[in-house]
There are 2 protein chains.
Amino acid sequence: MVTIADVARHAGVATSTVSYVLSGKRTISPDTRERVQRSVRALGYRPNASARALASQRSNVVALVIPLRTDMHVPVLMQFAAAIVTAARRFDHDVLLLTADEGPAGLERVAQSSLVDALVVMDVELQDERVPVLRDLPMPSVLIGHPEEAGGLTCVDLDFVAAGALCVDHLADLGHRSVALLGTPSTVYERQTAFAERTLTGFAEAAARRGVVGVETPCEHTFDAILETVGQLLHDHPDLTGLVVQNEPIIGPLLDVLRRLGRRVPEDMSLVAICADDVAERHVPQLSSVTIPAEQMGTLAVESLIAKLAGSTVPELTLLPPTLTARGSSGPYSDRTTA
Amino acid sequence: MVTIADVARHAGVATSTVSYVLSGKRTISPDTRERVQRSVRALGYRPNASARALASQRSNVVALVIPLRTDMHVPVLMQFAAAIVTAARRFDHDVLLLTADEGPAGLERVAQSSLVDALVVMDVELQDERVPVLRDLPMPSVLIGHPEEAGGLTCVDLDFVAAGALCVDHLADLGHRSVALLGTPSTVYERQTAFAERTLTGFAEAAARRGVVGVETPCEHTFDAILETVGQLLHDHPDLTGLVVQNEPIIGPLLDVLRRLGRRVPEDMSLVAICADDVAERHVPQLSSVTIPAEQMGTLAVESLIAKLAGSTVPELTLLPPTLTARGSSGPYSDRTTA
DNA sequence: CTGAAAGCGCTAACAC
DNA sequence: GTGTTAGCGCTTTCAG
């Protein structure tokens, strides 16, 4: 292994000079810099990460805590992860992957051992037990999602309240008077996952405001569950003509189920999904949707973290405004009995 | 921050004694051990990861290189990642997440800086440019998947050749005489992804051996592409009654397409998928399938790595035998014209 | 603009 | 069974 001392010797300078050439933390004469850089290349020198971390008190690693639950939509998680890794690399940081099932203890472990110098936490619940833990850690963290009490922590999230409302508004604008939110599996609500709860809130508020009937129901991932849930919904609300779907994996089967039940999309039933754009575009018909800007959120989270590491203060809460793209799955209300 | 010296002072022993109590690398009198452990708890001591890594030349971190391609089936990747993180934690290791798009240089970076002390690489191609790089690194690595020339590297994989053959055998045993492999998107073949190519090989060999007609075609993920691909297939091979599908995300739409084309499953068309069990069970009808044992493979990969770190030699190639579970999507051949 | 040297916190000889 | 201490490779004062 080639060390900084080897480089220094090869370049005929002190180790500190090599260090400063590499970090740019003090001015070096062009001549010396050249010589050192040449030596670095000649010897194939790579600074030792542990030594550097020990001396500088910075590991240049951020932790990413990701849920492993089967009730979450995995591709979206992956988009977040990809965006976070990519953004972190841009700032010369690496990403340590933690699974949520290590719980708060896992956060303490990696933080207190200085394995990482910042944390990104996903899959936030309204009353998240990790919030107090994170607040007491001696390093910055960013939540993707926002709990009821963030207590000084930094949160980045899509404004899911507004997203829920936006979907209702879209359907109401099209003339629909009775709409339903087909949500995540019930386990997601049971643990009060923030995004799901907030969407619910926005959906209900907007329905009330617009004077439309708005019902909400969770929905599991199996075909039979979808059939059952939608069947029940249509039975209880025969005049239902609008559906907001916040449950990506059920979309395909849902379209089947509607077909099976003799409801055409969008003629008899308008659909708006809250999902990634590529998912919305993959279906037939393509789905009107509020996009989940995973890449933007992940990038933003990392940028906030880096800013905090640099000592800047960042806003406590950044809520991205939702945008709705109308595609083929939603259309104007028409009375089926007239058609 | 509380250091090992603080603990030593508090317990009235030398720092080395604290170190040895923690590592168990030499015998300590029960009395001293007790005292030290009490001090550790009292002070809330956590060994500093960088200091430990620097002194011991072991970071206790393994790199996981994961593809970010959209043509891969993401949930399976996640299952691998989850299994690898979980297994690594059992051996007191953490996982650094690298995306494949950093390329071979990314591997060199984390390895040569001693950020990690072993690597797990996924999404292997037959001629993988990372193989020579990995071989030259001063630390062990394990590939999940196997290239043509592993050149001394350790590989863990499902026996995809056998998997492809197993599907054909299953269909041939049911009396089918003309079968097709509906494969991954063409980009996956173009870069000669190992699992896809090997499945192709096994499929073709078995078809020849069993004397059945076996055709192969890639398939993209969009609904239109599936419709087009299957339509072409049925046009070219009107007597086709068996389909092997190695392309998880298309399975849902494929079932639609077949319905649309008037082919009932399994009465008119038998289906066998190569996919995770939960995917197979989610569809209607449930799919006969060869499972991808992601958890087992991930665990095995980590165990091999840990063994190599401990100096053991492990087999160069571990191929897991495929198992086929017959479910509702495959049935005996019957002549449609007779039906 | 550059060098010398004191740590960073821990492990692992070496000594007893 | 336990203590002493020399590093691990780097960063960053402190000096000049």
Side-chain angles (χ1 to χ4, degrees), chain A residues 1-37 39-40 43-61 92 110-117 138-139 309, chain B residues 1-37 39-40 43-61 92 110-117 138-139 309:
Chain A
M1 160 173 264
V2 27
T3 74
I4 199 171
D6 298 327
V7 177
R9 205 170 308 123
H10 186 273
V13 298
T15 60
S16 58
T17 301
V18 177
S19 178
Y20 285 122
V21 166
L22 261 37
S23 70
K25 286 190 183 171
R26 81 179 181 193
T27 42
I28 302 282
S29 74
D31 185 48
T32 318
R33 189 181 329 121
E34 258 310 304
R35 210 141 32 87
V36 169
Q37 286 169 341
S39 298
V40 164
L43 302 180
Y45 170 64
R46 298 270 192 178
N48 179 293
S50 319
R52 179 172 267 187
L54 179 58
S56 68
Q57 316 273 24
R58 273 282 211 289
S59 65
N60 272 33
V61 174
D92 198 33
V110 298
Q112 291 173 358
S113 66
S114 296
L115 228 193
V116 303
D117 37 41
M139 61 184 61
L309 280 171
Chain B
M1 162 173 261
V2 27
T3 73
I4 199 171
D6 298 328
V7 177
R9 207 172 306 123
H10 186 273
V13 298
T15 61
S16 59
T17 301
V18 177
S19 178
Y20 286 123
V21 167
L22 261 39
S23 70
K25 286 189 183 172
R26 78 179 184 192
T27 42
I28 303 281
S29 74
D31 185 47
T32 321
R33 189 182 329 123
E34 258 310 306
R35 209 141 32 86
V36 169
Q37 287 169 340
S39 298
V40 164
L43 301 180
Y45 170 66
R46 297 271 193 177
N48 179 294
S50 319
R52 178 173 267 188
L54 180 58
S56 67
Q57 314 275 21
R58 273 282 211 288
S59 65
N60 272 33
V61 174
D92 197 33
V110 299
Q112 291 172 359
S113 65
S114 297
L115 230 192
V116 304
D117 37 43
M139 60 183 59
L309 281 171

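A note on names: the letters A, B, ... follow the listed sequences, proteins ahead of strands, and every chain is numbered from 1.
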Shortest non-hydrogen contact from B:Tyr45 toward B:Thr3: CE1-C, 3.6 Å

Closest approach of A:Leu54 to B:Ala51 (non-hydrogen atoms, all atoms of both residues): CD1-CB, 3.7 Å

Donor-acceptor pair (no angle test) under 3.5 Å: A:Thr32 side chain, C:dT2 base: no

Any B:Thr15 side-chain N or O less than 4.0 Å from OP1/OP2 of C:dC10: no

Distance-only donor-acceptor test (3.5 Å): side chain A:Ser16, base C:dA5: no

Out of D:dT12, D:dG1, D:dC10, whichever nucleotide has its closest atom nearest the side chain of B:Thr27: D:dG1

Phosphate-side-chain proximity, B:Ser50 and C:dC10, N/O vs OP1/OP2 below 4.0 Å: no

Donor-acceptor pair present, B:Arg9 side chain and D:dG3 base, under 3.5 Å: no

Value in whole Å for how far the C1' atom of D:dC10 lies from CG of A:Asn60: 13 Å

Gap separating the CG atom of B:Leu309 from the CZ atom of B:Arg58, nearest 0.5 angstrom: 5.0 Å

Minimum-distance nucleotide to B:Leu54 side chain [options: C:dG9, C:dA5, D:dT13]: C:dG9

Integer-rounded Å distance: C:dA12 C1' and B:Ile28 CD1: 13 Å

Any A:Ser19 side-chain nitrogen or oxygen under 4.0 Å from OP1 or OP2 of D:dT11: yes

A:Lys25 vs D:dT11: side-chain N/O to OP1/OP2 distance below 4.0 Å: no

Position toward the 5' end of DNA chain D (nearest nucleotide), B:Arg35 or B:Ala55: B:Arg35

Nearest listed nucleotide, side chain of B:Arg26, among D:dG1, C:dA4, C:dC14: C:dC14

A:Val7: which of A:Val13, A:Leu22, A:Thr15, A:Val2 passes side-chain contact (heavy atoms from CB on, under 4.5 Å): A:Val2

Rounded distance in Å - CE (A:Met1) to C1' (D:dG7): 15 Å

Sugar-phosphate only, base, or nothing, as touched by A:Val13 at under 4.0 Å among non-hydrogen atoms: sugar-phosphate

Sugar-phosphate, base or nothing in reach of B:Thr3, heavy atoms under 4.0 Å: sugar-phosphate

Length of the CD-P vector between A:Glu34 and C:dC1, whole Å: 15 Å

Minimum-distance pair of heavy atoms, taken over all atoms of B:Ser114 and B:Ser59: O-CB, 3.9 Å

Close side-chain approach of B:Asn60 and B:Asp92, heavy atoms under 4.5 Å: yes

Given C:dA13, C:dC1, D:dT11, the nucleotide with the shortest approach to the side chain of B:Tyr20: C:dA13

Whole-Å distance separating the CG atom of A:Leu22 from the C1' atom of D:dG9: 13 Å

Rounded distance (Å) that lies between atom C1' of D:dT13 and atom CD of A:Gln57: 14 Å

Which nucleotide in D:dG9, C:dT11, D:dT11 has an atom nearest any side-chain atom of A:Asn48: D:dG9

Whichever of B:Ala51 and B:Thr17 has its nearest DNA chain D nucleotide further upstream toward 5': B:Thr17

Nucleotide C:dG9, atom C1' - distance to CG of B:Asp6 in whole Å: 10 Å

Gap between atoms CD and P, on B:Gln112 and D:dC10 respectively (whole Å): 13 Å

